[in-house]
**Q** 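What follows is a structure written as structure tokens; I'll ask about it next.
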Amino acid sequence: WKAYFWPQKITPHIVVKPTWREYKAGLNDIVIELDPGMAFGTGTHPTTALSLTMIEKYLREGDSFLDVGTGSGILMIAAAKLGAGRLCGIDKDEVAVGIAANNLELNNVDSKIFQLMTGNLGDEVSESFDFIAANIFTQVILELLQDIPRLLKGGGVFVCSGIIEENKKSVLPVMDKLGFEILETAEKEGWVAIGGRLRA
């Protein structure tokens with residue numbers, strides 16, 4: 001698969017560059033060096049691209065950031081390069097957690113500002129965050145949503161993706177009921193990402 005993975009501009013500024021390829025960065029490019037190994041998240045899948053676009057749009061400098069189902073660590077790296085102050089990633093796959101750690105190191109993300117955990121959804125997390133991203137499946141998002149008000153600060157942003165178009169209608173009412181103001185829904189190739197702000 002490495003033969004088919006080339007540097008790709010995912011958002012107006014974010015470029016995902018495989019570690020084994022050359023890329024001449026432009027002035028405003030944010031380059032993410034990536035070796036996804038066996039973990040999900042090369043940036044080329046529509047759900048990852050949609051998530052990255054919303055993170056770039058809504059993350060504020062200094063925000064604390066939680067990535068649920070972190071995979072290759074790509075969303076954490078993007079958040080770090082966009083100025084997040086503290087990062088936490090959780091994945092139930094131990095291999096993915098190891099790959100994410102390697103990729104964070106590869107991108108010179110200071111080990112003092114990030115934490116990685118192996119575990120299920122938000123079970124292992126006790127603190128609250130300014131921004132939470134979850135690029136997983138609809139069913140898992142619906143389970144996770146019950147935990148989000150505990151994990152997200154008032155006024156904080158939750159971005160979820162991995163939702164197929166017809167499942168959007170099962171996620172939006174739950175978010176509304178839990179006190180989210182929907183910032184936007186974005187679609188790409190039959191996949192949907194939803195961004196919401198938790199009312200303070």
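Note that the structure is predicted; figures quoted are calculated from it, not measured.
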**Q** Show the nearest heavy-atom pair for residues Glu189 and Pro46, with the distance to one decimal.
**A** OE1-CG, 3.4 Å
**Q** Not counting sequence neighbours, which residues clear salt bridge (charged side-chain N to carboxylate O under 4.0 Å, His left out) with Lys81? List them please.
**A** none
**Q** What heavy-atom pair brings Ser72 and Leu34 nearest, and what distance separates the two atoms?
**A** OG-CD1, 4.0 Å
**Q** Within a radius of less than 6.0 Å around NZ of Lys153, do more than 12 heavy atoms belonging to other residues, nucleotides or ligands occur?
**A** yes
**Q** Quick one: pull up SG in Cys160 and CG in Leu145 and give me the separation to the nearest 0.5 Å.
**A** 6.0 Å
**Q** Nearest 0.5 Å, what's the CD1-CG distance between Ile10 and Leu52?
**A** 6.5 Å
**Q** Starting from Tyr23, walk the hydrophobic network (Ile, Leu, Val, Met, Phe, Trp, Tyr; side-chain heavy atoms closer than 4.5 Å) and list everyone else you reach, by chain and number.
**A** Val15, Val31
**Q** For the pair Phe158 and Phe180, name the ring-plane relationship: parallel under 30°, tilted 30 to 60°, perpendicular over 60°.
**A** tilted
**Q** Does Val16 belong to the same Ile/Leu/Val/Met/Phe/Trp/Tyr cluster as Trp6, with side-chain heavy atoms less than 4.5 Å apart forming each link?
**A** no
**Q** If the condition is salt bridge (charged side-chain N to carboxylate O under 4.0 Å, His left out), which residues does Arg21 pass it with, not counting sequence neighbours?
**A** none
**Q** Do Leu106 and Ile99 belong to the same hydrophobic cluster, where Ile, Leu, Val, Met, Phe, Trp and Tyr are linked whenever their side-chain heavy atoms lie under 4.5 Å apart, directly or via other members?
**A** no
**Q** Would you compute the distance between atom CD1 of Ile194 and atom NZ of Lys168 and round it to the nearest 0.5 angstrom?
**A** 7.5 Å
**Q** Which residues pass the salt bridge (charged side-chain N to carboxylate O under 4.0 Å, His left out) test with Glu33, not counting sequence neighbours?
**A** Lys17
**Q** Taking Arg60's backbone N and O only, do any of them form a donor-acceptor pair with Asp63's side chain (distance below 3.5 Å, no angle check)?
**A** yes
**Q** Who pairs with Glu127 by side-chain hydrogen bond (donor to acceptor under 3.5 Å, both in side chains), at least two apart in sequence or on another chain?
**A** Arg86
**Q** How long is the straight-line distance from CG of Leu104 back to CD of Gln115, given to the nearest 0.5 Å?
**A** 12.0 Å
**Q** For atom CD of Glu94, decide whether the heavy atoms of other residues, nucleotides or ligands shown that lie under 6.0 angstrom number more than 12.
**A** no
**Q** Taking Met76 as the starting point, is it possible to reach Leu50 by hopping between hydrophobic residues whose side chains are less than 4.5 Å apart?
**A** no
**Q** Would you name the heavy atoms of Val159 and Gly195 that are closest together and state the gap between them?
**A** CG2-CA, 4.2 Å
**Q** Just do the side chain to side chain contact (heavy atoms under 4.5 Å, CB included) check on Ile90 and Asp67 with the steps written out, would you?
**A** CA-CA 6 Å; Ile90 187 163; Asp67 183 14; over 6 Å; no
**Q** Val140 and Trp191: same hydrophobic cluster, using ILVMFWY side-chain contacts below 4.5 Å?
**A** no
**Q** Could you give all pairs that pass the side chain to side chain donor-acceptor pair (under 3.5 Å) test and reach residues 174-185, with sequence neighbours left out?
**A** Lys57-Glu184, Tyr58-Glu184
**Q** Would you confirm whether Ser64, through its side chain, and Asp130, through its main-chain N or O, come within 3.5 Å as a donor-acceptor pair?
**A** yes
**Q** Just by distance, do the side chain of Asp110 and the backbone of Lys112 share a donor-acceptor pair under 3.5 Å?
**A** yes
**Q** Dump the intermediate steps for side chain to side chain contact (heavy atoms under 4.5 Å, CB included) on Ser111 and Glu105, then the final yes or no.
**A** CA-CA 8 Å; Ser111 61; Glu105 193 180 322; over 6 Å; no
**Q** Identify which one of Phe114, Phe129, Phe131 satisfies the side-chain contact (heavy atoms from CB on, under 4.5 Å) criterion when paired with Leu87.
**A** Phe114
**Q** Do the side chains of Ile164 and Ile141 join up, straight or via other hydrophobic residues, at under 4.5 Å, putting them in one cluster?
**A** no
**Q** Taking Asp35 for its side chain and Thr19 for its backbone only, find out whether a donor-acceptor pair lies under 3.5 Å.
**A** no
**Q** Checking Met54 against Leu183 for the side chain to side chain contact (heavy atoms under 4.5 Å, CB included) test, could you report, in this order, the C-alpha distance in whole Å, the side-chain angles of both residues, the deciding distance, and whether it holds?
**A** CA-CA 10 Å; Met54 286 200 188; Leu183 297 168; over 6 Å; no
**Q** Of the non-hydrogen atoms in Leu152 and Leu198, which two are nearest, and what is the gap between them?
**A** O-CD2, 3.6 Å
**Q** Do Ile74 and Ile32 come close enough that some side-chain heavy atom pair is under 4.5 Å?
**A** yes
**Q** Would you check if Asn167 and Leu142 make a side-chain contact, meaning some heavy-atom pair closer than 4.5 Å?
**A** no
**Q** For the pair Leu178 and Ile148, evaluate side chain to side chain contact (heavy atoms under 4.5 Å, CB included) and give the outcome as yes or no after the intermediate values.
**A** CA-CA 9 Å; Leu178 289 168; Ile148 292 294; 5.9 Å; no
**Q** How close do Ala100 and Thr70 get, counting heavy atoms only, and between which atoms?
**A** CB-CG2, 4.1 Å
**Q** Output the distance between atom OG (Ser161) and atom CZ (Phe137), rounded to the nearest 0.5 Å.
**A** 11.0 Å
**Q** Over all heavy atoms of both residues, which pair between Ile55 and Ala133 is shortest? Give the atoms and the distance, please.
**A** CD1-CB, 4.3 Å
**Q** Measure the spacing between CG of Leu75 and CZ of Phe65 and express it to the nearest 0.5 Å.
**A** 5.5 Å
